[in-house]
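In what follows, a single structure is set out as structure tokens and then discussed.
For ligands, and for the atoms within them, numbers begin at 1 and follow the listed sequence. The structure presented is a predicted model; accordingly, all values stated were derived computationally and were not measured.
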Amino acid sequence: MAKSSRLPGFYKVTVAERRALVSDATGADARDIERALDGGGLDADTADKFVENVLGTYALPYGVALNVRVNGHDRVVPMVVEEPSVVAAASNAAKMVRAGGGFQVEVDPPLMISQIQLTDVADTHGARERLLAHKDEILAMADVAVPGLVASGGGARGMEVRVLGAESDRMMCVHVIVDCKDAMGANLVNTVAEAVADRLAEIARAKVGLRILSNLCDKRCVRVRVVVPASALATDDMDGDEVIDGIVNASRFAELDPYRAETHNKGIMNGIDAVVIASGNDWRAVEAGAHAFAARTGQYSPLATWRREGACLVGRLELPLALGTVGGTLRVHPAARLSLRMLGITDASDLAAVAASVGLASNLAAVRALATDGIQRGHMGLHARAVAVAAGATGKLVQRVASLIVEARDITVEGAKKALEVLASEEADGASAVED
Ligand code: MEV
């Protein structure tokens, strides 16, 4: 946890100064930050142990979302993402949410689903009865396969038997439900599937098919709720009440139209994926689970919705989120370990609560921008900063050059070079005036 996640003026200072501020706010050692992040945190030799045929590594920007308060605790949240404006937008929206008390989050226990497909089943009804009668035996077999997990308090918790398709498909699927504690759980759950499959097939008088986890881990959901006062949502041109109406309208659009729901959800995943990557977790699994969950009723729907309640805007987000704070990439990636230290994460559900909160913040930022100025204005401001840097601006000059090229409607490297020259000659004039 952070002393405070409010660090005003953070974006204006240098990278080295930001590292010092974050170290002070979170207690993460300044040298650890340097060691873990310089050069992307991963050398080619370490990368060679991750995957095959390695040539090198591919770095992405590592930023932090500010102003985030989750269940009463401040968090400085690491985000790894290449898209400009995602980190700033999440931080701005988190500030609005903070005005209403922050993110209120509930996290389900870390239950994952191990799927065992059974094929060539002669009598699915009879097989189902027999399988359920052997539930205790199967759960005990599952526990034997993952002794480390059982020793840490996890293990098999339940079993479901599903008949798939028509009787002529002769296909069933058994779910073994496993409490994975602080692990994401893929390896554990795959081990369980392989350990119990033969016995299940014997009981069902069937053949073993696939044995693998399901990323639609809908027993491991996170629910976030925020209440944002109208005053925190106002823009230069619109009062807070009008903005609430605009955001509720944006929500209804996504609820009624899958083409919009998908983009609405992409905005949520901008925030979630960035935290998932920064913490060394499997973002493809998270993405697959989120979109399958969004389509669970048969109509692809928004994962987050917004409503007016009196003078406030109330937002709700629900999605499955399988994140780990032990094992996998975390064992070997120094930047992923740093992220958890910086966050002051105590367990996997804590991490899921933070990631989902940043997802809802990202969504709020996007729908507020869309319902007010449009998305391009904010994007342009940030794009202008990147262009200013490309033209050679550093430190405080970055923002000054960005403002000038936005004002001149000339957001090009050439335009930024001209702005730099203007600022340099103004400075020279100022200096000679002092000398005179
Ligand atoms: C862009 O990365 C994300 C948005 O398209 C999300 C949205 O439309 O809600 C701005």
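Looking from atom 3 (C) of ligand 1 to the surrounding protein, the closest heavy atom is Asn270 ND2, 3.6 Å. Among protein heavy atoms, atom 1 (C) of ligand 1 sits closest to Glu83 OE2, 3.6 Å. For atom 5 (O) of ligand 1, the nearest protein heavy atom (residue, atom name, distance) is Thr263 CG2, 3.5 Å. If you check which protein heavy atom lies closest to atom 10 (C) of ligand 1, you get Ile375 CD1, 3.7 Å. Looking only at heavy atoms of the protein, atom 9 (O) of ligand 1 is closest to Arg260 NH2, 2.7 Å.
Residue contacts with ligand 1, taken as heavy atom pairs separated by less than 4.0 Å, involve Leu370 solely via side-chain atoms from C-beta onward.
For the side-chain contact (heavy atoms from CB on, under 4.5 Å) with Pro302, the lone residue among Glu255, Arg260, Glu262 that qualifies is Glu255. Among Leu317, Val97, Asn71, the single residue meeting the side-chain contact (heavy atoms from CB on, under 4.5 Å) criterion with Phe103 is Val97.
Ion pairing of Glu160 with Lys219 is present here, as a side-chain N (NZ or NE/NH1/NH2) and a carboxylate O approach within less than 4.0 Å. Salt-bridge annotation for Glu309 and Arg316: present, with a side-chain N of the basic residue lying under 4.0 Å from a carboxylate O of the acidic one. By the 4.0 Å N-to-carboxylate-O rule, Arg19 lies close enough to Asp38 to be salt-bridged with it. At a threshold of 4.0 Å, the pair Arg35-Asp29 does not count as salt-bridged, since none of the basic side-chain nitrogens sits closer than that to a carboxylate oxygen.
At a 3.5 angstrom cut-off on N or O pairs, His264 does not count as close to ligand 1.
Distances below 4.0 Å separate heavy atoms of Gly267 from the following atoms of ligand 1: 6 (C). Of all the atoms in ligand 1, the ones that sit under 4.0 Å from a non-hydrogen atom of Lys266 are 1 (C), 2 (O).
The OH atom of Tyr62 sits 12.5 Å away from the CD1 atom of Ile277 when rounded to the nearest 0.5 Å.
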